[in-house]
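Throughout, a chain's letter reflects where its sequence line sits, starting with A, and its residues are numbered from 1. What you see is a predicted model; the values in this text were computed from it and never measured.
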Protein chains: 2
Amino acid sequence: MSNSTIVEVAKLAGVSVTTVSRCLNSPEKVGKKTLARVRRVIEEINFSPNMLAQNFRRGKTNIILVVVHEIGSWLFAEILEGIRAVLGTRYSIILTESRPEVNDNNFIEMLVTKQVEGVILLCSTLPFSKKLIEKNKSKSLPIVIGLEPISADLDQFPSVHIDNYQAAYDATQYLITSGHRDIVFVSGPKHSFVTKDRELGFCAAIQSSELSLDEANILHSDLTSNGGVNAAMEIFARSVMPTAVFCANDDMALGVLGLASRRGIRVPEELSIMGFDDTRYAAIANPPLSTVFQPARDIGIGAAKRLLRAIDSPEDSAVKAEILPHRLVIRSSTGPRG
Amino acid sequence: MSNSTIVEVAKLAGVSVTTVSRCLNSPEKVGKKTLARVRRVIEEINFSPNMLAQNFRRGKTNIILVVVHEIGSWLFAEILEGIRAVLGTRYSIILTESRPEVNDNNFIEMLVTKQVEGVILLCSTLPFSKKLIEKNKSKSLPIVIGLEPISADLDQFPSVHIDNYQAAYDATQYLITSGHRDIVFVSGPKHSFVTKDRELGFCAAIQSSELSLDEANILHSDLTSNGGVNAAMEIFARSVMPTAVFCANDDMALGVLGLASRRGIRVPEELSIMGFDDTRYAAIANPPLSTVFQPARDIGIGAAKRLLRAIDSPEDSAVKAEILPHRLVIRSSTGPRG
DNA sequence: CTGAAAGCGCTTACAG
DNA sequence: CTGAAAGCGCTTACAG
């Protein structure tokens, strides 16, 4: 199939290859009758242009790179779906994971080698951020950031995310309003920028109430269910237990919830647990998890649209962050202080 | 960067472009001194070959297509990781989802248009299976199937998966041995080939015991937590409840578990619940979910290796299925009949 | 609206 | 071990 080339089509249609090429790429510049004839031939011999040759000639790869922290998570899958929805037909998407276990220091090599036309960053911690900026400078590689606020050196790029600070503030305030006085926040790794913002929001909410902020009430752990379990072990070992735990993401919260139930701690009577993300497992947890919803799909769509804009008109560099709305989702894992 | 070309390198090194090309692609055919000189120049001007030109010239895209049912699931993420681990450096991976909501009937177009060099199928229900076979015939497009047994017309392709029949048989037998007499199996959609095998295994185990197989004890639902909730609603509405539910995957089981707890049904005292896949949420469910482990990562690795073999030596068509081991993982959601 | 011709950056027989 | 030359399948000024 498709060993046929543009010259064959030209021959059969009795036109030049130039004309055939135009029929393919800018049909409006071709006479109606000619166009029809060429199209018929294309149809007949089932011709489709060799994309390899096109890419080469045009110097375009039609590839964009998406860097996620971890592909397995529901959140990223959702964002990706959004990205695909807008980029799907035009670009192929190459995925790279940024977590250290994945040996993708060939990341930069990818940029050179695969010659990607744009990058969407969905992760905060980049070992290679300087390199990236350098690339962006020298080759004007379009970059947009999604989901996470990012290190200061990357804040020159457009981004799409919720107000993590405010969201955490809201969630914390909800817990305070429910009567909780002793709330611990389980944050992510110290270098994580998303969770940093959420941590700040938590602190601010605590301080704007009459409560005092206890440093011991901020824990750092992995953003996984296992990380949640570990944090929970530390919390449950305390002589005086908090009455509420607010986790920086749902997976952690699910981990805390899991250990709580294994330890016979009643949720929410003895302990309220709040997550973040509104992952699909939050709703079916036992008890169903209260959490903060963020519009993952829209984040993907937004990021992709911005990237497209950046690619199509590099000069118009409206570098501003696009803030999407978040929403508290209160289910049964939280309640008034017991 | 890399506006430099092979001819520049040739000029600077005082050799022909042919030689530079050889240094890149078959250095063993080049004299040591020449090679060293050329390499120094390449280093100096930071040259890297234009992959677009290479691909075009070689007629290779270095792209393989992976079709998954749904990218968000832990299982697929794990398999993908396996695939990447073996294909990563050599190929870019394009992902397509096969679930109907995703409008990817451009799938076949992808094959033509993107000119992929191989396909890994991780889903059973293909609207386009005939087309695919046709392609495979006409262009000798290498195809391998992973995770799922597939429709009869596709069984000509190599595949990598567990023995789903036996795994379900084992799980069912475990439930029977635990004293359960009234077990319902929540299967996937009727056209799903994986769950069909599991269903058959379930039936066989029931029949090989002294129990009688009741058609009403086989339900069909979506392979999602929501599908599990729906199935559970039907089950819980029965005048006489089963003492065990075996779900075709973990997400469903988690859904059943969720509804059970909301309805105040004690698990496993009143109801044992068993899943399939050993998803990462199984371990932290409340109570932790008994399930069947399948080596997702190894499935990915196996499938990728086979694809590589199929690409590299098309003649050697050892079309046999590779069966990987499964394992029962008994946690707390199952127990002796109450 | 159409065509002849140059050229994109490589690879690969072929000849030596 | 090395090089001159053809060519992969397109696109794109340029000219008409």
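- A:Lys305 has no carboxylate O lying under 4.0 Å from a charged side-chain N of A:Asp298, or vice versa, which leaves the two without a salt bridge.
- In terms of position along DNA chain D, the nucleotide closest to B:Val30 lies nearer the 5' end than the nucleotide closest to the other residue of the pair B:Val30 and A:Val7.
- One donor-acceptor pair, N or O on each side, does fall under 3.5 Å between the base of D:dG3 and the side chain of B:Arg22.
- Distance CG (A:Leu24) to P (D:dG9): 15 Å, rounded to an integer number of Å.
- Remark: A:Arg57 is not in phosphate contact with D:dG9, judged by side-chain N or O atoms under 4.0 Å from OP1 or OP2.
- For the OP1/OP2 pair of D:dC10 and a distance below 4.0 Å, the side-chain nitrogens and oxygens of A:Asn55 include no atom meeting the criterion.
- Between B:Thr18 and B:Phe56, the residue whose closest nucleotide on DNA chain C is further toward the 5' end is B:Phe56.
- Taking atom NZ on A:Lys60 and atom C1' on D:dT12, their separation rounds to 16 Å, with Å as the unit.
- Residue B:Thr19 has a polar side-chain atom (N or O) positioned under 4.0 Å from OP1 or OP2 of D:dG3.
- Summarising the geometry, atom CG belonging to A:Leu147 is positioned 5.5 Å from atom CG belonging to A:Leu75; distances are rounded to the nearest 0.5 Å.
- Atoms CZ (A:Arg37) and C1' (C:dC1) sit 12 Å apart, rounded to a whole Å.
- As rounded to whole Å, 14 Å separates atom C1' of D:dT11 from atom CG of B:Leu52.
- Checking the phosphate oxygens (OP1, OP2) of C:dG9, no side-chain nitrogen or oxygen of B:Thr5 falls inside 4.0 Å.
- With a cut-off of 3.5 Å on both Watson-Crick or G-U wobble distances, the partner of D:dA13 is given as none.
- Taking only side-chain atoms of A:Asn50, from C-beta outward, the nucleotide of D:dT2, D:dG9, C:dT11 with the closest atom is D:dG9.
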TODO: Report the C-alpha separation of B:Ser16 and B:Thr19 in whole Å, then their side-chain angles, then the decisive distance to 0.1 Å, and conclude whether the side-chain hydrogen bond (donor to acceptor under 3.5 Å, both in side chains) test is met.
DONE: CA-CA 5 Å; B:Ser16 71; B:Thr19 299; 3.2 Å; yes
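- Rounding to whole angstrom units, CZ of residue B:Arg58 and C1' of D:dG9 are separated by 17 Å.
- Neither OP1 nor OP2 of D:dC10 sits under 4.0 Å from any side-chain N or O of A:Ser21.
- Between A:Leu65 atom CG and A:Thr96 atom OG1 the span is 4.0 Å, to the nearest 0.5 Å.
- Applying side-chain hydrogen bond (donor to acceptor under 3.5 Å, both in side chains) to A:Asn55 and the options A:Asn50, A:Thr61, A:Asn62 leaves one that passes, A:Asn62.
- For the C1' atoms, the distance linking D:dT12 with D:dG16 amounts to 16 Å, nearest Å.
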TODO: Could you please spell out the steps behind the salt bridge (charged side-chain N to carboxylate O under 4.0 Å, His left out) verdict for B:Arg297 and B:Glu81?
DONE: CA-CA 7 Å; B:Arg297 200 161 185 285; B:Glu81 194 174 303; 3.3 Å; yes
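- Rounded to an integer number of Å, the gap from B:Lys29 NZ to C:dC14 P is 14 Å.
- Rounded to an integer number of Å, the gap from B:Glu8 CD to C:dC10 C1' is 14 Å.
- Between A:Gln54 and the phosphate of D:dT11, there is a side-chain N or O to OP1/OP2 separation shorter than 4.0 Å.
- Contact annotation: B:Asn25 reaches the phosphate of C:dT11 (side-chain N/O to OP1 or OP2, under 4.0 Å).
- Rounded to an integer number of Å, the gap from NZ of A:Lys11 to P of C:dA4 is 13 Å.
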